[in-house]
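One is the number of the first residue; the rest follow in order along the sequence.
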Amino acid sequence: MISPGSIIEYIDNGNFHCALVTESSERRLRLLGQGGRESTLAKARALSVSSERFPWDNRTTVLALLKERAERRSSLAQEITLDELWEIACAADEDTFPPDFLAELYFAEPPDDDERAAFLRAIFADPLYFKYRNGQINVHSPEQVEQLRHQREQEEARARQLEEASQWLQRIMQGETVSAADWPDYPRILALLQDYALEHSEDDAAEHVRNILKKAGLTAPNAAFHVLVAAGVWEQDENLSLLRSDHPRSFSEESLALVATLRERSVEEVLADPGRQDLRHLKTITIDSAGTRDYDDALHVAMVDGQLQVGIHITDVSWHVSPQGPLFLEAQERATSLYFPEGHVPMLPEKISLDLCSLIRGHIRPAFSFLLTINEAAEILQTRIVPSVISVQRQLSYQEAEARMDRDPELKLLNRLRLRLRQNRVDRGALLLSLPDVHFNLSDRKNIGVELLPVDTPARNLVAELMIQANAMAADYFAVRELPGLFRSQPPPRRRIIEGAQNSCADIARQRQFLSRGEMTVHPKPHSGLGLNSYTTITSPIRRFLDLVMQHQLAHVLAGKGMLFTADQCKTMAGILQQKLARAAAINQQRHRYWILRYLEPQEGERVKAMVVSSNPKRVSLLLSDCLYDVDLPPNPAFPVEAGDTVRIRLARIRPLENTLSVEW
């Protein structure tokens, strides 16, 4: 029975509270706490009840009394040690005792109210030997004590590690240089931080990282990322989309060991193959971006007896990368080279992609040459595909080719040819959907620059048209012989908006919304977008696995050995390739979005120009004018718009690390 005037103790939020009972009903107590707060409590929650009763008419006196009793009980509890009492209790036949019995056994005499309360406090404070349950005290067995002691040691070790780690992280964020010699656990914690920053999982390791960051006072968003940047593990603009993927970023030791054995072959060695033609006399030219180092295609053109002799020469990567070898399989896993504004991840090791297989001026290179004879009307009279050996004589950038286009005889011929080839494709229904290329200037990372570069310049278009021509020749070669391979196709668009070669940016962007999904097949099918009956890609074997596969298949057939890959093998490779290409596309899209957000970030809160691509009752699709990035907004009834309109929208919130871009009308 708990009567008014009794002093009770109870636990709330892990702390002991001392209170005086002012009212008592069948199930609840009304209390005056030591802080002066009145409250109610279920009777079952009272852990100890004083035998003495106290008046409660003088509030000040009661509060002073409660404070005095609480302090005495806390002091007594800190002096109580339970190990000897536990040994005595263990020797008894029973394992459950009333609290008062054990308290009297400990104090060697009947305990007073404060001693009984202090004893219970000690039981709760040190749960190693005893456990309070349902008004009784259970005695732990020696096995339980040993297990609990082990758990306690582990917890104490974790607490020490947590404290140590938090202090080291604080020092890192203050700019100190830290090494494993200073902090042996440094590499492990860095690995945990990287996993956490990339995955944000809910496992024990992630919880440990969260606790370390919280202990260090690093609670801002993306705190783990910022620690890794401060530690020099990551850059400020680390490519997280690449790190989060399973796209390989390095090559196996087996592949690198194999590459180390490769060397540049002499012309005699290359021409030892009787089927390979010596075309070193041709005036071959590469035309590519100024910073390009992996040249995989070259061109030549000459007027002979009123007919145009054209050559599209593709580096023979199959010469160095054998089918099903380690380099071939690693290329299959990557599917393509990845190109980012800040660098690239090659499909093949750099000794191959930038050296042995790159069509570097003055170097002897095995190649596949796609040779065309064309009349004045740009009608193709004859085509041949031959294994060859070439030596590039001129290496031009797109800008250099543009500057010389009007006065260079070979470039003038190629430019005239590309106009006719393009018009032929347009006449067959091809869609020319070139939007400007978004070029990022990263020279000042605090102020990212964006420049829109035209991709349909004469020099770029010249190369593109001739590569399309070579790819189409390869596809036709396989189609005529009914050979399997990897082919690209595309059904007609769901709706056709544009015609011809001259179309506005708005119409091109709108047409893209109605394109049918491209397909990869084992046998050729029409490619509507290019205006071709059959199509593959074989012109970038350094950069694309599909091209490397087709080059191997072509090499085998040209050597008179029949097909290298069966239809079933091609089907299997197509399935793998589609998965890997989807992964690569996702990485590229996410990285492009990151740099777009970094560019837009200083403009948060401002209004920018956008072009309306399409509008329907549910959404308005827009293209940000200065960076050609797609955004959507719900329609604004007060501001109706149509496709082609230019509007201004507000950049409401931009967080590159969080992949957040919010726009408003």
Hey, does the Lys NZ or Arg CZ of Arg334 hover above the aromatic six-ring of Phe251, less than 6.0 Å from the centre and inside 45° of the axis? yes
We want to know whether Asn588 and Arg591 form a side-chain donor-acceptor pair, criterion being a heavy-atom distance below 3.5 angstrom. no
Here's a test for you: under side chain to side chain contact (heavy atoms under 4.5 Å, CB included), which of Asp316, Thr536, Leu564, Ile385 qualifies with Leu554? Ile385
Can you tell me if Lys351 has over 12 outside heavy atoms packed within less than 6.0 Å of its NZ? yes
Asp427 versus Gln423, side-chain donor and acceptor atoms under 3.5 Å: yes
Arg394 and its side-chain hydrogen bond (donor to acceptor under 3.5 Å, both in side chains) partner, picked from Thr286, Asp408, Thr284: Asp408
Hey, is CG on Asn533 packed in by over 12 heavy atoms from elsewhere, all under 6.0 Å? no
Would you give me the side-chain donor-acceptor pairs under 3.5 Å for residues 541-550, sequence neighbours excluded?
from	atom 1	to	atom 2	distance (Å)
Arg543	NE	Asp296	OD2	3.3
Arg543	NH2	Asp294	O	3.0
Arg544	NE	Asp547	OD1	2.9
Arg544	NE	Asp547	OD2	3.3
Arg544	NH2	Asp547	OD2	2.9
Asp547	OD1	Thr537	OG1	2.8
Asp547	OD2	Ile538	N	3.2
Asp547	OD2	Thr539	N	3.1
Asp547	OD2	Ser540	N	2.9

Flag if over 12 foreign heavy atoms under 6.0 Å of CZ, Arg428: yes
Say whether Tyr594 and Asp237, considering side chains only, have a donor N or O and an acceptor N or O under 3.5 Å apart. yes
Decide, yes or no, whether a salt bridge links Arg488 with Glu519 under the criterion of side-chain N to carboxylate O below 4.0 Å. no
Polar contact flag, side-chain donor to acceptor under 3.5 angstrom, Asp444-Asn447: yes
Examine His592 together with Phe340 and report whether their ring centres are nearer than 6.0 Å. no
For the side-chain hydrogen bond (donor to acceptor under 3.5 Å, both in side chains) test, which of Gln277, Arg276, His313 pairs with Ser369? His313
Determine whether the side chains of Tyr629 and Arg593 contain a donor N or O and an acceptor N or O closer than 3.5 Å. yes
Check side-chain contact (heavy atoms from CB on, under 4.5 Å) between Ser443 and all other residues, then give those that pass, not counting sequence neighbours. Asn441
